[in-house]
Amino acid sequence: MMQRSYDTKEDVLATFPNQYFREQLLQWYEAHQRHLPWRESKDPYRIWVSEIMLQQTRVDTVKPYYQQFMEKFPTPEALAEAHEDQVMKAWEGLGYYSRARNLQSAVREVVNTYGGEVPQDPEEFASLKGVGPYTKGAVMSIAYDLEEPAVDGNVMRVLARVLLLTDDIGKQRTRKHMENCVRILISGTPPSDFNQGLIELGALICTPKNPSCDICPVQEVCRAYDQQMVEQLPVKAKKQSQKQQTMAVAVIESEDGAVLIEQRPKQGLLAGMWQFPMVEAPPALRQQSLQQYLKETYQVDVTLEDTEQSLEHVFSHLIWKVRVFHAIVPSSMNRGNWMQKTEAEKLAFPVVHQKIWRQQLR
DNA sequence: CACCCGTGGTT
DNA sequence: TAACCAAGGGT
């Protein structure tokens, strides 16, 4: 791996057949692009919503959420006026829930400050909550055809291979470098097609595993292919192992059909979402800790039944081992954080609590 | 920069 | 099966 490192964009692209690459990419994209819901219009708002949903999320996962979301909130005004609970419910199950809060916050700013028009200035658009370097470039190029780089994981993988860039793509600096490359490559092309072509190539041909180099439109100019380095790229440092937490959850029902639920803090993991009362505790202490928590926090003094049901939930950076406890109490306790099940179902729960709900309450 | 922030499909 | 990781952004 004694590849020389390039400090400037000129170095990497100096001997690169730029024109050939662009023509091949654009021709391939025109012929092979997928038909996707968010490619049916140039509405900046619709493009924007799709780009937020697609962050770290697969196309097939996003599709149904996107359709449903656009029906509920077809315009910036509709999303701006919606209640936060509605937006969170529409996002339930998609993950990374701060995306939804930031999107609504940003859309409200667009309505209030920009008259409901998504700014055409990249810097103005990037100043909105939840809009980072990638989303800025994606929306500005796709909706407004501005020559802005949109460097995501796909693009970094493609460029790492085509240009034989061996820097760690986990580093901020590497993405910056690739943005500089794209600024050169995109110049004079239709920006929307060029950026989407790069992304599409990464999604369909230049995949992480088993890339289809045989049918790749830019195989002839791919430096990694030439050097038989495709499988080794891109370089990405391994992340640390996830921490484990043992949790105890209480499903408390009243005899008149209510459940005890609580809302998570507005910041941090699963911010603002609803859940059954839950504590973190060592396995030997979890029942006692949970009973104490219920008594102190909700004035519910009960002996919990251990359902002996355990489930594991894996997050991006930690693992929950969840033990479920259960109790039924008289209806007289129905107040405060108690809610009828039919009402509680309208709130947004994290997936692990949805599972508990289905298994315990049906 | 390093760490936090979800979920589900693939290998 | 466990690791990888997908159209990233905030702090």
Side-chain angles (χ1 to χ4, degrees), chain A residues 33-34 36-39 47-66 88 91-103 105-106 125-143 149-158 167-176 178-179 182 192 195-204 206-211 231 234 236-243 245 264-273 275 312-320 348-355:
Chain A
Q33 64 172 286
R34 289 168 293 180
L36 300 172
W38 43 89
R39 286 182 176 161
I47 307 289
W48 181 10
V49 170
S50 76
E51 290 299 342
I52 300 298
M53 285 190 170
L54 286 161
Q55 288 171 7
Q56 299 291 286
T57 310
R58 289 183 151 71
V59 164
D60 286 342
T61 302
V62 166
K63 278 180 182 173
Y65 282 91
Y66 177 78
M88 294 306 291
W91 211 270
E92 182 185 55
L94 248 193
Y96 287 128
Y97 298 96
S98 64
R99 292 184 296 175
R101 292 178 186 282
N102 288 337
L103 176 60
S105 171
F125 183 64
S127 73
L128 298 170
K129 283 183 186 167
V131 178
Y134 165 74
T135 305
K136 170 182 69 169
V139 175
M140 292 298 99
S141 63
I142 297 172
V151 177
D152 70 338
N154 287 309
V155 175
M156 285 200 284
R157 184 171 58 254
V158 170
D167 299 319
D168 180 2
I169 63 168
K171 306 277 188 178
Q172 196 87 341
R173 171 173 302 161
T174 305
R175 183 185 52 74
K176 283 281 191 184
M178 295 200 178
E179 284 179 352
V182 172
S192 172
N195 276 338
Q196 291 194 79
L198 222 41
I199 292 166
E200 198 79 336
L201 188 70
L204 300 182
C206 197
T207 51
K209 309 287 183 185
N210 307 319
E231 300 283 358
K236 190 174 183 180
K238 292 172 188 172
K239 61 177 177 183
Q240 289 186 310
S241 62
Q242 297 148 307
K243 295 174 186 174
Q245 292 182 337
R264 297 181 58 84
K266 296 291 186 185
Q267 302 272 326
L269 183 66
L270 302 168
M273 301 193 78
Q275 65 179 13
E312 187 176 281
H313 192 73
V314 180
F315 295 93
S316 50
H317 58 297
L318 64 88
I319 300 174
W320 275 355
F349 287 75
V351 164
V352 62
H353 283 268
Q354 294 174 40
K355 288 178 185 169

Quick one: which of C:dA6, C:dG9, B:dT7 gets closest to the side chain of A:P133?
C:dG9
Short side-chain N/O contact from A:T135 to OP1 or OP2 of C:dG9, under 4.0 Å
yes
Separation of A:E179 atom CD from C:dG8 atom P, in whole Å?
13 Å
What's the closest nucleotide to the A:A203 side chain, out of C:dA6, B:dT7, C:dA7?
C:dA7
Roughly how far, to the nearest 0.5 Å, is the CE atom of A:M178 from the CG atom of A:L198?
10.5 Å
Does B:dC3 have OP1 or OP2 sitting under 4.0 Å from an N or O in the side chain of A:H317?
no
Would you mind classifying the nucleic acid contact of A:T61 as base, sugar-phosphate or nothing, using non-hydrogen atoms under 4.0 angstrom?
nothing
Could you tell me whether the side chains of A:Y134 and A:Q55 share a donor-acceptor contact shorter than 3.5 Å?
no
Measure up the A:W320 and A:H313 rings against each other and bin them: parallel (under 30°), tilted (30 to 60°), perpendicular (over 60°).
tilted
How long is the span from the CD1 atom in A:I169 to the OG1 atom in A:T174, to the nearest 0.5 Å?
8.0 Å
Given C:dG8, is OP1 or OP2 found less than 4.0 Å from the side-chain N or O atoms of A:Q56?
yes
Okay, side chain of A:R99, backbone of A:M53: is any donor-acceptor separation there less than 3.5 Å?
yes
Please give, in whole Å, the distance from C:dT11 P to A:Q267 CD?
8 Å
Comparing A:P208 with A:G132, nearest DNA chain C nucleotide closer to 5' gives the residue A:P208
Under 4.0 Å, heavy atoms only, any strand: does A:V314 hit a base, just the sugar-phosphate, or nothing?
base
It should be established whether A:K171 places a side-chain nitrogen or oxygen under 4.0 Å from OP1 or OP2 of nucleotide B:dA2.
yes
Work out how far the P atom of B:dG6 is from that of C:dT11, and round it to whole angstrom.
14 Å
Nearest of C:dG9, B:dG9, B:dT7 to any side-chain atom of A:R58?
B:dG9
For the side chain of A:Q275 and the backbone of A:H353, is there at least one donor-acceptor N/O pair under 3.5 Å apart?
no
Taking A:L204's backbone N and O only, do any of them form a donor-acceptor pair with A:T207's side chain (distance below 3.5 Å, no angle check)?
no
Take atom CG of A:L103 and atom P of C:dA7, then tell me their distance rounded to the nearest Å.
20 Å
What is the distance, to the nearest angstrom, from the CG atom on A:D60 to the C1' atom on C:dA6?
11 Å
I need the residues from residues 91-102 of chain A with at least one non-hydrogen atom less than 4.0 Å from DNA chain B; give them sorted by number, or say none.
A:G93, A:L94, A:G95, A:Y96, A:Y97
Select base, sugar-phosphate, or nothing to describe what A:R175 touches, counting heavy atoms under 4.0 Å on all strands.
nothing
Where the side chain of A:I199 is concerned, which of B:dT7, C:dA7, B:dT11 is the nearest nucleotide?
C:dA7
Encoded 5' to 3' (Watson-Crick or G-U under 3.5 Å; [ ] crossing; | other strand), DNA chain B becomes .||||.|||||
Under 3.5 Å, is there a donor-acceptor pair between the side chain of A:Q33 and the main chain of A:G197?
no
Presence of donor-acceptor pair under 3.5 Å, side chain of A:T57 and base of C:dG8
no
From CD of A:E312 across to P of B:dG8 the rounded distance in Å is 14 Å
When you get a sec, tell me which of B:dG6, B:dG8, C:dA7 is the closest nucleotide to the side chain of A:F315?
B:dG6
Picking from C:dC5, C:dG9, C:dA7, which would you name as closest to the side chain of A:K236?
C:dC5
The side chain of A:L270 lies closest to which of these nucleotides: C:dA7, B:dT7, B:dC1?
B:dT7
Mind calculating the distance between NZ (A:K63) and C1' (C:dA6) to the nearest angstrom?
15 Å
Whole-Å P distance, B:dC3 and C:dA7:
24 Å
Atom-to-atom span, NZ of A:K238 to P of C:dC4 - whole angstrom:
7 Å
Where the side chain of A:R175 meets the backbone of A:V151, is there a donor-acceptor pair that is under 3.5 Å apart?
no
Whole-Å distance, A:L318 CG to B:dC5 C1', equals 9 Å
Between A:R101 and A:A271, is there a donor-acceptor pair closer than 3.5 Å when you use the side chain of the first and the backbone of the second?
yes
Between A:S316 and A:K136, which is nearer to the 5' end of DNA chain C once each is assigned its nearest nucleotide?
A:S316
Touch check for A:W48, heavy atoms < 4.0 angstrom, all strands: base, sugar-phosphate only, or nothing?
nothing
Does B:dT7 have OP1 or OP2 sitting under 4.0 Å from an N or O in the side chain of A:H313?
yes
What does A:I142 touch in the nucleic acid at a heavy-atom separation under 4.0 angstrom: a base, only the sugar-phosphate, or nothing?
nothing
Mind checking A:Q172 for me? I need base, sugar-phosphate or nothing, with any heavy atom below 4.0 Å counting as a touch.
sugar-phosphate
Quick one: label A:L269 by what it contacts on the DNA or RNA (base, sugar-phosphate, nothing), any heavy atom closer than 4.0 Å.
sugar-phosphate
Heavy atoms only, 4.0 Å cut-off, all strands: where does A:G268 land among base, sugar-phosphate and nothing?
sugar-phosphate
First of A:K355 and A:K209 reached from the 5' end of DNA chain B, by closest nucleotide:
A:K355
Under the 3.5 angstrom rule, does the side chain of A:Y66 hit a backbone N or O of A:T61 as a donor-acceptor pair?
no
So, A:E179 and A:K136, do they make that salt bridge, N to O below 4.0 Å?
no
